[in-house]
Novice: 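Got a structure here, written out as structure tokens. Questions coming.
Position 1 is the first residue of the sequence; numbering continues from there.
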Amino acid sequence: MISLPTTVPQILAGIRSKQFSCVELIQATYQNIESKEPQIQAFLYLSKEQALQQAQAADQRLTTSSPEELPPLFGLPIGVKDVLNVTDMPTTAGSKILSGYTSPYTATAVQKLIDAGCIIIGKTNTDEFAMGSSTENSAYQTSHNPWNLDHVPGGSSGGSAAAVASGMLNIALGTDTGGSIRQPCSFCGTTGIKPTYGRVSRYGLIAYASSLDSVGVIGHSAQEITPIYQHMTGHDPKDSTSTQVPAQPTPQLTSLAGIKVGIPQEYFIEGIQPEVKQKVNQAVQKMAELGAEVIPVSLPHTQYALPVYYIIAPAEASANLARFDGVRYGLRQTADTHLDLFKQTRGQGFGNEVKRRIMLGTYALSAGYYDAFYGKAQKVRQLIRQDFINAFQIVDCIAAPVAPTTAFKIGEHTNDPLAMYLEDVFTLPANLAGVPGVAFPVGFDQSSLPVGMQLMGNYYSEHTLLAIAAHYQANTNWHAAAPQF
């Protein structure tokens, strides 16, 4: 059995130079997963048979093609969050209501990576329908943080972040509706990108909140996730919200001279964990030492992001989840009438958090309350968006904490939904505005749990954010730290 390469460039170079075969790489990857998965519980499904078949086909292609003829990500193993459809694989969205469902098609974002040469290793754990900040809302299992197995990995892309942080994979896909890529990256010490809304196609993504959902990437560093993200982008005729704006190549910076970094006072609120504030401030200072100009900015409507999000997102969820009725796919309960069929299937198939958000959303959209709640929330959403537009006339990016705390213990917020919602208070504004964000580690607290920082940028400025993050990581080592468990 080969020794697993530790970086994406090593994997890609090793296959092209025939240091190891694709089959050997995939076998070693599964052996590594089998040794760690019982403790981490990052996966809901492992596609070993399909992956080995793809690897065998790749090895045959390798014998007849020159390195230049191979696709750019040839042989790279990746994980896929289980809200993204992949042909002939189960897709549960972490919910019992989709138990037994096998997808007949592949999400566009995933298909683009398959076309670029990636091999799907399996489906990673998620909070049910991506509703949660810890994976504790998954109907199947709770994932564990590799830095401390008693703590959550974050959510809803906690399975993907835990798989990467534990070294089971170098790359995993996630989705971000209110921080679900960036927050688990912060908790697990990984690097992730939430693209501009519409930059990556949502076709094949099981929708939570359609105007907020983004598909992104989690890896060890900005340098590693950049080519993955770039291959996922582009207009998709199957998704009318996907952008026509082409992605720009990410420059390799030699310094941060000329980069203006905004610091929003509204993100350093009372109650933030002191070590989070300290490590983020130290990271900003490091960026200044690398040449960046640090400028205070204000995002005055940030305080309204949490209530606005928890009106808009549940409202959209109540509409999107109406399709799960026991008739077309997934769980189906026996009943005498159609109404009883719907009630029993949805009552037994959905978990408590999903039911809570459906009820909140249905109430916000109901007659007599639409204008008072949903309509008003959409107006405030535009004010939040305008705050970002105004700030980006002054700065190139905004630096802020990802979450107010480091990873909390499993079960700590189980009976307190509001405390769980507050974990996303710093990530929600970017989704409401539709701007991109990159999260990466900047230190550890006294309990050796990672602290994350996020850079938010103007629309379609992912190349700038990734370049800044990559230069910071080239001059620090936080992203290279690995947990021992």
Side-chain angles (χ1 to χ4, degrees), residues 26 29-30 32-48 50-51 76-86 89-95 98-99 101-103 106-107 109-110 113-114 118-146 149 152-177 179-185 187-194 204-206 208 213-220 224-225 228 232 407 439:
I26 297 304
T29 298
Y30 279 113
N32 182 39
I33 289 172
E34 288 165 5
S35 69
K36 297 176 178 179
E37 175 62 8
Q39 295 171 284
I40 304 300
Q41 296 182 12
F43 289 91
L44 292 179
Y45 174 75
L46 291 169
S47 50
K48 189 172 183 178
Q50 298 102 312
L76 179 66
I78 65 170
V80 175
K81 183 179 178 179
D82 198 28
V83 293
L84 289 158
N85 284 283
V86 181
M89 291 189 193
T91 302
T92 68
S95 179
L98 277 173
S99 59
Y101 172 72
T102 298
S103 177
T106 297
V110 179
L113 294 181
I114 293 173
C118 292
I119 296 175
I120 309 302
I121 293 299
K123 307 293 284 294
T124 57
N125 193 26
T126 172
D127 289 288
E128 186 177 6
F129 287 102
M131 298 181 189
S133 304
S134 64
T135 75
E136 291 171 292
N137 291 335
S138 170
Y140 300 99
Q141 63 190 29
T142 295
S143 298
H144 297 258
N145 193 314
L149 297 176
V152 303
S156 60
S157 305
S160 289
V164 172
S166 63
M168 289 192 276
L169 289 172
N170 290 80
I171 296 293
L173 302 190
T175 62
D176 194 309
T177 306
S180 291
I181 286 174
R182 289 162 291 154
Q183 188 250 29
C185 282
F187 281 10
C188 289
T190 55
T191 301
I193 181 170
K194 168 228 170 302
L205 164 64
I206 296 177
Y208 163 18
D213 295 339
S214 292
V215 183
V217 190
I218 296 173
H220 291 297
E224 288 200 342
I225 68 174
I228 317 302
M232 293 166 61

Novice: Can you check whether Gly204's main-chain N or O pairs, donor with acceptor, with Asn85's side chain at less than 3.5 Å?
Specialist: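 Such a contact is found between Asn85 side chain and Gly204 backbone.
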Novice: Considering all heavy atoms of both residues, which atom of Pro184 and which atom of Gly155 are nearest to each other, and what is their separation?
Specialist: CD-O, 3.5 Å
Novice: Would you please test Ile121 and Tyr30 for side-chain contact (heavy atoms from CB on, under 4.5 Å) and show each step?
Specialist: CA-CA 8 Å; Ile121 293 299; Tyr30 279 113; 3.7 Å; yes
Novice: So how far is it from Thr29 OG1 to Met168 CE, rounded to the nearest 0.5 Å?
Specialist: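 It is 11.5 Å, given to the nearest 0.5 Å.
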Novice: Keeping Tyr208 on the side-chain end and Thr177 on the backbone end, is there a donor-acceptor pair under 3.5 Å?
Specialist: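 A pair under 3.5 Å: no.
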Novice: Do any N or O atoms from the side chain of Lys194 and from the backbone of Arg182 form a donor-acceptor pair under 3.5 angstrom?
Specialist: no
Novice: What's the separation between atom OG in Ser99 and atom OH in Tyr140, rounded to the nearest 0.5 Å?
Specialist: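 That separation rounds to 5.0 Å.
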Novice: If the test is side chain to side chain contact (heavy atoms under 4.5 Å, CB included), which one of Pro153, Cys185, Ser166 qualifies with Thr190?
Specialist: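 When side chain to side chain contact (heavy atoms under 4.5 Å, CB included) is applied between Thr190 and each of Pro153, Cys185, Ser166, only Cys185 qualifies.
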Novice: Give, for atom CG of Leu84 and atom CD1 of Ile206, the distance between the pair rounded to the nearest 0.5 Å.
Specialist: 8.5 Å
Novice: Is a side-chain donor or acceptor of Ser47 paired with a backbone partner of Ile120 at a separation under 3.5 angstrom?
Specialist: yes
Novice: For Ile181 versus Ser157, what's the shortest heavy-atom pair and its separation?
Specialist: CG1-OG, 4.1 Å
Novice: Hey, mind stepping through Ser156 and Lys81 against side-chain hydrogen bond (donor to acceptor under 3.5 Å, both in side chains) and telling me if it holds?
Specialist: CA-CA 9 Å; Ser156 60; Lys81 183 179 178 179; 2.6 Å; yes
Novice: Would you check if the side chain of Tyr45 reaches a backbone N or O of Thr91 as a donor-acceptor pair within less than 3.5 Å?
Specialist: no
Novice: Is a side-chain N or O of Glu37 found less than 3.5 angstrom from the main chain of Phe43, in a donor-acceptor match?
Specialist: yes
Novice: Between Glu128 and Ser95, do the side chains contain a donor N or O and an acceptor N or O under 3.5 Å apart?
Specialist: yes
Novice: On a heavy-atom basis, which atom in Leu98 and which in Thr92 lie closest, and how many Å separate them?
Specialist: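 Taking every non-hydrogen atom into account, CB-O, 3.5 Å.
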Novice: May I have the step-by-step check of side-chain contact (heavy atoms from CB on, under 4.5 Å) for Val80 and Leu113, ending in yes or no?
Specialist: CA-CA 11 Å; Val80 175; Leu113 294 181; over 6 Å; no
Novice: Quick one: closest heavy-atom pair of Gln41 and Thr142, and the distance?
Specialist: OE1-O, 3.3 Å
Novice: As an exercise, state the distance from CD1 of Ile33 to CG of Leu46, rounded to the nearest 0.5 Å.
Specialist: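 Nearest 0.5 Å value for the CD1-CG distance: 5.5 Å.
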Novice: To the nearest 0.5 Å, how far apart are CE in Met131 and OG in Ser138?
Specialist: 13.5 Å
Novice: When you measure from the side chain of Asp127 to the backbone N and O of Glu136, does any donor-acceptor pair fall under 3.5 Å?
Specialist: yes
Novice: Can you check side-chain contact (heavy atoms from CB on, under 4.5 Å) on Ile218 and Ile225, steps first, answer last?
Specialist: CA-CA 7 Å; Ile218 296 173; Ile225 68 174; over 6 Å; no
Novice: Counting distance only, does the side-chain N/O of Thr135 pair as donor-acceptor with the main-chain N or O of Ser143 below 3.5 Å?
Specialist: yes
Novice: How close do Thr175 and Ala130 get, heavy atom to heavy atom, and via which atoms?
Specialist: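 Closest approach of Thr175 to Ala130, heavy atoms only: OG1-CB, 4.5 Å.
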Novice: Looking at Thr126, Thr124, Asn125, which hits side-chain hydrogen bond (donor to acceptor under 3.5 Å, both in side chains) with Ser160?
Specialist: Thr124
Novice: What is the minimum heavy-atom distance between Pro146 and Ala162, and which atoms define it?
Specialist: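 Taking Pro146 first and Ala162 second, the nearest heavy atoms are CG-O, 3.6 Å.
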Novice: So Met232 and Leu173, side-chain contact (heavy atoms from CB on, under 4.5 Å) or not? Walk me through it.
Specialist: CA-CA 10 Å; Met232 293 166 61; Leu173 302 190; 3.9 Å; yes
Novice: Rounded to the nearest 0.5 Å, what separation is found between the CG atom of Asp176 and the CD atom of Gln183?
Specialist: 9.5 Å
